[in-house]
Participant: 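Starting off with a structure, shown below.
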Amino acid sequence: MNISSEKFTCPRSNTSGAQLPAITGSDTNFAEYLQAAKQCPDSLTRSRMTALGEAVSRLHFTTCIKNRFLERAEKDKERALDRLKKVYNIGGQTLGETLQAITEKIDSAKPVCSLSPQRLFSCEDRLMTYTQADIVQPLNRDKERFEEAIFYFDSSPAETAKIFFKDRGSGSRPKYGALAFDEKNGDARGVGDVALYLREKTKEYMTFTACDSAALGKTFNNDADKIRSATGVVGNSYPLITYTGNDQLDFLAKDGKPHSHHFFQWQLYGAIVYKEDIDYLNFNEKIDKRQHNDAVLFANKHNILIGYN
């Protein structure tokens, strides 16, 4: 989706239709979008409102969030080097080569989203956020605090982005998954029986944490700055090295097996469009026949390749 020029048609039953203005990076334009959406809320389909919220979220990420994480990359690199130096008692060229090898391993990992087959069909052409899928369920407050910190709600001037974020049905909240270091296994075990392997380009719109992001709020007593300091992006994966557990660090540094209880979570801002953003899907080996068949139907509908364990 080219969100710099995307326009959303807002048809009415008694008119030929209305056009929402094109999205740009300015909050003024976000406000125009919100106003246009309010003028015809009954005619905005769930899928279209989802796409609208996703576009706002992605632009907020690219214009407000990502650069702040990249600006501190050198400082985060020094922290990662210090962690490796203390854990492995190394220095000099060996220290630098170890850091490079680990960052290359993280960069090469595949973004995967594990979920139930039923959730695949909850929206026509794109993956819904967890708040849309479970809109009647109470919010996970720890996860919400993490999202508020990453969105810079304490300092961001983009008031309209905040309005979209607070609307649980808008699609503006992040999607979640984890990085996979092999071709067979998905991300966090027990989340779902279908693993969607996303295309490499999607990582450009992700943040990454060394654990479940909901745990960061508890770890740092909901301090927004500390939560952000433990979060990385493409071009600055160093916080994953600094804050991961020793077992997972050994896997990264010594080329062993990934630890079953540790994973690197990603949070994507914007859309996951089935026909554009999924490389292939895989199955949990214990998936039942009905769910397997549902997933195959989904893959065939959206021309998605199927991989088998």
Participant: Go through Asp250 and Tyr88 one step at a time and tell me if the side-chain contact (heavy atoms from CB on, under 4.5 Å) criterion holds.
Facilitator: CA-CA 10 Å; Asp250 282 346; Tyr88 298 116; 2.6 Å; yes
Participant: Pick one: which of Leu99, Ile90, Ile241, Thr242 meets side-chain contact (heavy atoms from CB on, under 4.5 Å) with Leu81?
Facilitator: Leu99
Participant: Using only atom types and a distance under 3.5 Å, with no angle test, would you say the side chain of Arg58 pairs donor to acceptor with the backbone of Tyr269?
Facilitator: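 Yes, the answer is positive, given that a donor and an acceptor are paired below the 3.5 Å cut-off.
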Participant: Charged N to carboxylate O below 4.0 Å: is that the case for Arg79 and Asp76?
Facilitator: yes
Participant: In residues 91-98, what donor-acceptor pairs under 3.5 Å come from side-chain atoms, sequence neighbours left out?
Facilitator:
unit_1	atom_1	unit_2	atom_2	d
Gln93	NE2	Glu97	OE2	2.6
Thr98	OG1	Thr94	O	2.7

Participant: Test your reading of the model: is there a side-chain donor-acceptor pair from Thr231 to the backbone of Ile227, 3.5 Å cut-off?
Facilitator: yes
Participant: For residues 208-221, pull every pair meeting salt bridge (Lys or Arg N to Asp or Glu O under 4.0 Å), keeping only residues two or more places apart or in separate chains.
Facilitator: Asp142-Lys218
Participant: Counting N and O atoms only, with roles assigned by atom type, does the side chain of Lys203 sit under 3.5 Å from a partner on the main chain of Asp107, one being a donor and the other an acceptor?
Facilitator: yes
Participant: If the threshold is 4.0 Å, N to carboxylate O, is there a salt bridge linking Glu276 and Arg199?
Facilitator: no
Participant: Could you check whether any side-chain N or O of Arg68 sits under 3.5 Å from a backbone N or O of Cys64, counting only pairs where one atom can act as donor and the other as acceptor?
Facilitator: yes
Participant: Start with the C-alpha distance between Asp82 and Lys85, add both sets of side-chain angles, then the distance that settles salt bridge (charged side-chain N to carboxylate O under 4.0 Å, His left out), and finish with yes or no.
Facilitator: CA-CA 5 Å; Asp82 188 55; Lys85 183 178 180 180; 6.0 Å; no
Participant: Classify the side-chain pair Glu54/Ser172 by whether it contains a donor and acceptor separated by less than 3.5 Å.
Facilitator: no
Participant: Donor-acceptor check, side chain of Thr202 to backbone of Leu198, threshold 3.5 angstrom: yes or no?
Facilitator: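 Not confirmed, Thr202 side chain does not pair with Leu198 backbone.
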Participant: Between Tyr205 and Asp277, is a side-chain hydrogen bond (donor to acceptor under 3.5 Å, both in side chains) present by the stated rule, with each step listed?
Facilitator: CA-CA 12 Å; Tyr205 306 106; Asp277 298 320; over 6 Å; no
Participant: Can you sort out the partners of Asp279 under side chain to side chain donor-acceptor pair (under 3.5 Å), two or more places apart, ordered by chain and number?
Facilitator: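 Applying side chain to side chain donor-acceptor pair (under 3.5 Å) to Asp279 gives Lys110.
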Participant: Please say whether more than 12 non-hydrogen atoms of neighbouring residues, nucleotides or ligands are located less than 6.0 Å from NZ in Lys289.
Facilitator: no
